[in-house]
Each structure stands twice: as C-alpha cells, then as structure tokens.
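What follows is a set of notes on a single structure, which appears directly below.
Residues take their numbers from the sequence shown, with the count starting at 1.
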Amino acid sequence: WAGSVGSAKGNNMRLSGMCLSVLLMFASMPCFAQEPTESDIATMYPLSPVVTHGVSPSTPDALGYEYKGTTDRGVVRSKNEDSFWIDGANGVFLVADGMGGHEAGEVASTMAAETLRQWSRATWVAAASNVLPLSRTMWTLAAYHAANARIFDKSSQKPSKRGMGTTLVSAIVYGRSFDIINVGDSRAYLYRGGKLTQISKDHSLLQAYIDKGMLKTPEEIRSFPYKNVITQAMGTQAKIEPDVYAIHASRGDIVILCSDGVTDELEDGEMAQIITEHGRDVNKSMQEIVRIAKQRGGHDNITLVLVGFHS
C-alpha cells in the first residue's frame with residue numbers, strides 16, 4: 001500500500017507553526033458540553049454490545065464505503081472499558097481502549113470518544129463554513145489534544161481516577177484517501193488484495209524492544225513478560241505525540257480499527273483469511289472475528305470497526 005507516516009513533529013505530516021498554534025488554541029477552548037457523569041456514561045455506552053452500521057455512496061470525487069462497528073465485554077472481564085464511535089456522514093471512525101481501576105478506564109475511553117463527538121458538532125461546522133481552513137484530520141488531531149487534556153485533568157483532580165488513560169485510534173476518510181491517527185496500542189490495519197497490513201505502530205514497551213533489536217525471534221516476542229505496558233496513552237501525561245498516517249485508498253480496501261482484545265486472540269493472517277472467506281463482507285467478517293476471539297477465551301474487551309471501500 002502507498003502512504004506516508006509521521007507524527008505531529010515528524011517530517012511526513014509536519015504541522016506548520018501557524019496551524020499548530022491554531023490547533024492548540026482551539027484545544028484549550030471551553031467549547032464542550034458539561035462533562036459526562038458516571039451515570040451518563042452508563043447510559044451512553046451500555047455494557048451490552050452496541051452495533052452501528054451504514055453505507056456512504058460513491059460520488060465522482062470520492063469512493064463509497066460501508067462500515068460496521070461493535071464492542072463486546074468478552075468472556076473474562078466483568079466490565080467493558082472499550083468505546084467506539086462512528087460518524088459515517090463525515091467519515092470519522094474511532095476505537096478507544098480504557099485502562100485504570102475503579103471504572104476509570106471506562107471513564108477515560110468514553111471521555112475520549114465523547115470529546116471527538118463534541119468536536120464533530122462544534123468544529124466541523126466551522127470548517128464547513130470556512131471559519132478556519134483546516135481539514136477534518138487537523139480538527140481530529142486537535143480533538144486528540146483536547147481529549148488528552150480533559151482526561152489528564154480529571155485524573156489529576158480525582159484520586160479514584162488517578163492513572164486512568166485510554167488508547168485512541170481513528171480513521172478519517174475523505175475523497176479517495178484516508179488518514180489514521182493513533183495513540184497507544186489499539187491498531188489500524190489495511191486489508192488489500194487478500195493481505196492484511198498493520199498501518200499503526202504500537203506505543204508499547206514490546207514494540208520499543210523490537211525496534212531496538214532486543215527482541216528478534218517470534219519466541220522472544222511471544223514470551224516477553226511486559227506486553228501490556230504502554231509507552232503513550234491518552235490522559236496519562238500532559239502532552240501527547242499522535243502518529244499520523246496518510247493512505248491512498250483503492251477499491252476493495254478494508255480498514256480495520258481494533259482493540260487488543262482482538263489482536264491478542266487472532267493473528268493478522270487469520271483476520272485476513274476471515275475477510276477473504278467472507279468475500280470482504282464487513283458485517284460477516286466482523287461477527288466471525290468477534291466469535292473467534294470469544295471462543296479463544298475472550299480475555300479482554302473486544303472492539304472493532306470495519307470500513308470497506310466499494311469495489
């Protein structure tokens with residue numbers, strides 16, 4: 001697949017000083033509704049699986065796509081700390097995997113998803129009205145910083161929520177391309193031509209050891225005892241450095257966003273085989289992936305979003 005990768009400070013997706021200043025200014029603005037309470041969270045994101053499905057038609061300037069998302073508590077966990085959100089009309093999709101005890105992970109992932117929802121209402125209207133000439137990707141990146149600040153502040157102010165955080169991976173579809181923004185170890189994949197390629201790079205201790213050449217063999221990687229240690233997450237530190245990946249879409253592509261409740265149970269090749277066997281049907285593929293993840297133990301919450309571009 002063709003694309004570029006970078007971070008907010010990287011070479012391939014470098015933000016100009018002016019754009020960054022504007023984004024940080026808007027990230028600090030109090031443009032949000034009242035922060036959701038724990039009862040609000042339970043109402044907005046019930047523990048039972050939530051499924052969202054829709055179709056965006058093709059136009060002369062854009063590929064059409066079908067999308068489907070779900071979250072499942074899994075088999076072992078008593079609560080679901082994952083969240084996902086889909087805005088099919090604006091082409092924005094996200095998965096968040098919360099962490100922290102005493103329901104803090106559920107709060108963090110929901111705050112991240114709700115912040116992006118609020119920004120979609122408040123800022124994309126401004127963008128569409130040419131109030132500021134920023135793309136949806138830039139708005140979403142600004143929303144990441146705003147969400148991080150909200151979660152970090154709540155974690156700092158409430159002892160019961162101290163240390164809470166969440167991963168956040170999102171896809172922004174526009175025209176014949178899509179961008180991926182990532183913080184944490186939830187993943188974005190691209191299915192193309194029968195093969196599944198990981199787009200995002202995990203912000204984890206395991207990945208850091210691999211990058212430094214300290215883990216080389218499959219056995220060393222499998223037996224690494226600190227696989228769940230994350231090196232960057234939303235809300236655990238005052239500042240974040242999201243990775244941004246720009247990809248040119250092709251007909252028949254499928255983008256997958258998922259939490260580690262999926263990738264801990266299924267290998268990449270297995271997911272590719274499932275999608276191929278189900279003829280790239282996003283609904284059937286999603287159901288089968290969830291079924292197998294639970295069949296193999298469902299040790300963590302299971303959340304994924306599939307976006308399939310029309311053939």
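- With sequence neighbours excluded, no residue forms a ring-ring contact (aromatic ring centres under 6.0 Å, His included) with Tyr191.
- A distance-only check finds no donor-acceptor pair linking the side chain of Asp179 to the backbone of Val244 [under 3.5 Å].
- Under a hydrophobic-cluster definition in which Ile, Leu, Val, Met, Phe, Trp and Tyr are linked whenever side-chain heavy atoms come within less than 4.5 Å, directly or via other members, Met164 and Phe152 are assigned to different clusters.
- For Ala293, the side-chain contact (heavy atoms from CB on, under 4.5 Å) criterion is met by Glu265, Leu266, Ile302, not counting sequence neighbours.
- Of the possible polar contacts, one joining the Thr166 side chain to the Asp97 backbone as a donor-acceptor pair under 3.5 Å is found.
- Residues Val95 and Leu304 fail the side-chain proximity criterion, which asks for heavy atoms closer than 4.5 Å.
- At a threshold of 4.5 Å between non-hydrogen side-chain atoms, the residues Leu63 and Arg251 count as touching.
- Side-chain contact check for Gln287 and His278: no donor-acceptor pair (N or O, by modelled atom type) lies under 3.5 Å.
- Between Val183 and Gln232, the shortest heavy-atom distance links the atoms CG1-CG, 3.8 Å.
- Not one N or O on the side chain of Thr110 forms a donor-acceptor pair closer than 3.5 Å with the backbone of Val107.
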Test side-chain contact (heavy atoms from CB on, under 4.5 Å) applied to Glu114 and Met111, step by step: CA-CA 5 Å; Glu114 182 63 16; Met111 287 180 68; 5.8 Å; no

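- Under the salt bridge (Lys or Arg N to Asp or Glu O under 4.0 Å) criterion, Arg77 pairs with Asp300, not counting sequence neighbours.
- Proximity of a side-chain donor or acceptor of Ser155 to a complementary backbone N or O of Ile151 within less than 3.5 Å is not detected.
- Thr71 places no side-chain N or O within donor-acceptor distance of the main-chain N or O of Ser83, the cut-off being under 3.5 Å.
- Exactly one of Leu190, Thr197, Val173, Val255 qualifies for a side-chain contact (heavy atoms from CB on, under 4.5 Å) with Ile247. That residue is Leu190.
- Scored by the ring-ring contact (aromatic ring centres under 6.0 Å, His included) test, Tyr174 finds no partners at all (sequence neighbours excluded).
- Judged by distance alone, with hydrogens and angles left aside, the side-chain atoms of Lys201 form no donor-acceptor pair with the main-chain N or O of Asp185 at under 3.5 Å.
- Within the 4.5 Å cutoff, side-chain heavy atoms of Trp85 are placed close to those of Asp87.
- Within 6.0 Å of atom OH in Tyr209, 12 or fewer heavy atoms from other residues, nucleotides or ligands are found, so the atom counts as exposed in its surroundings.
- Within the 4.5 Å cutoff, the side chain of Phe178 has heavy atoms near those of the Phe309 side chain.
- Rounded to the nearest 0.5 angstrom, Ile180 CD1 and Ile199 CD1 are separated by 4.5 Å.
- Qualifying salt bridge (Lys or Arg N to Asp or Glu O under 4.0 Å) partners for Glu267, counting only residues two or more places apart in sequence or in other chains: none.
- Contact between Ile275 and Ile256 at its shortest, heavy atoms only, is CD1-CD1, 3.4 Å.
- Side-chain atoms of Tyr144 and Ser170 include a donor-acceptor pair closer than 3.5 Å.
- Nearest approach of Arg176 to His248, heavy atoms of both residues: O-ND1, 3.4 Å.
- Identified under the salt bridge (Lys or Arg N to Asp or Glu O under 4.0 Å) test for residues 278-297, with sequence neighbours left out: Asp72-Lys294, Glu270-Arg296, Glu288-Arg291.
- For the pair His310 and Ser56, the tightest heavy-atom approach, listed with the atom from each and the gap, is CE1-O, 3.4 Å.
- To the nearest 0.5 angstrom, Met271 atom CE is 7.5 Å from Arg187 atom CZ.
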Steps toward side-chain contact (heavy atoms from CB on, under 4.5 Å) verdict (Thr115, Arg150): CA-CA 9 Å; Thr115 299; Arg150 292 183 73 189; 2.9 Å; yes

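- Both Val229 and Phe224 are assigned to one and the same hydrophobic cluster, defined by single-linkage of ILVMFWY side chains at heavy-atom distances under 4.5 Å.
- Of all the heavy atoms in Asn301 and Ser259, the pair that sits closest is O-OG, 3.5 Å.
- Going from atom OG1 of Thr236 over to atom CE of Met99 covers 7.0 Å, rounded to the nearest 0.5 Å.
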CA sep, side-chain torsions, deciding dist, call: Leu306, Tyr189, side-chain contact (heavy atoms from CB on, under 4.5 Å): CA-CA 10 Å; Leu306 275 68; Tyr189 288 95; over 6 Å; no

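- Within the 3.5 Å criterion, the main-chain N or O of Ala188 finds a donor-acceptor partner in the side chain of Ser200.
- The two atoms that bring Ala272 and Gly194 nearest to each other are CB-O, 3.9 Å, heavy atoms only.
- For the pair Ile181/Asp243, no side-chain contact is recorded, criterion being any heavy-atom separation below 4.5 Å from C-beta on.
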Leu168 and Asn182: CA distance, side-chain angles, deciding distance, side-chain contact (heavy atoms from CB on, under 4.5 Å) verdict: CA-CA 6 Å; Leu168 185 59; Asn182 181 58; over 6 Å; no

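- Val307 and Val55 are members of different hydrophobic clusters when ILVMFWY side chains are connected at heavy-atom separations under 4.5 Å.
- In this structure, CE on Met214 lies 11.5 Å from CD1 on Ile210, to the nearest 0.5 angstrom.
- Atom CD of Glu81 is separated from atom OG1 of Thr167 by 11.0 Å, given to the nearest 0.5 angstrom.
- Between the side chain of Ser250 and the backbone N or O of Asp253, no donor-acceptor pair lies under 3.5 Å.
- Rounding to the nearest 0.5 Å places CD1 of Ile230 at 11.5 Å from CG of Leu206.
- Using the six-membered ring where Trp is involved, Tyr65 and Tyr67 have ring planes that are tilted, between 30° and 60° apart.
- In this structure, a donor-acceptor pair under 3.5 Å is absent between the side chains of Asp153 and Gln157.
- Hydrophobic clustering places Ile292 together with Ile254 (ILVMFWY residues linked when any side-chain heavy atoms are closer than 4.5 Å, directly or through intermediates).
- In this structure the side chain of Asn80 never reaches within 4.5 angstrom of the side chain of Glu106, judged on heavy atoms.
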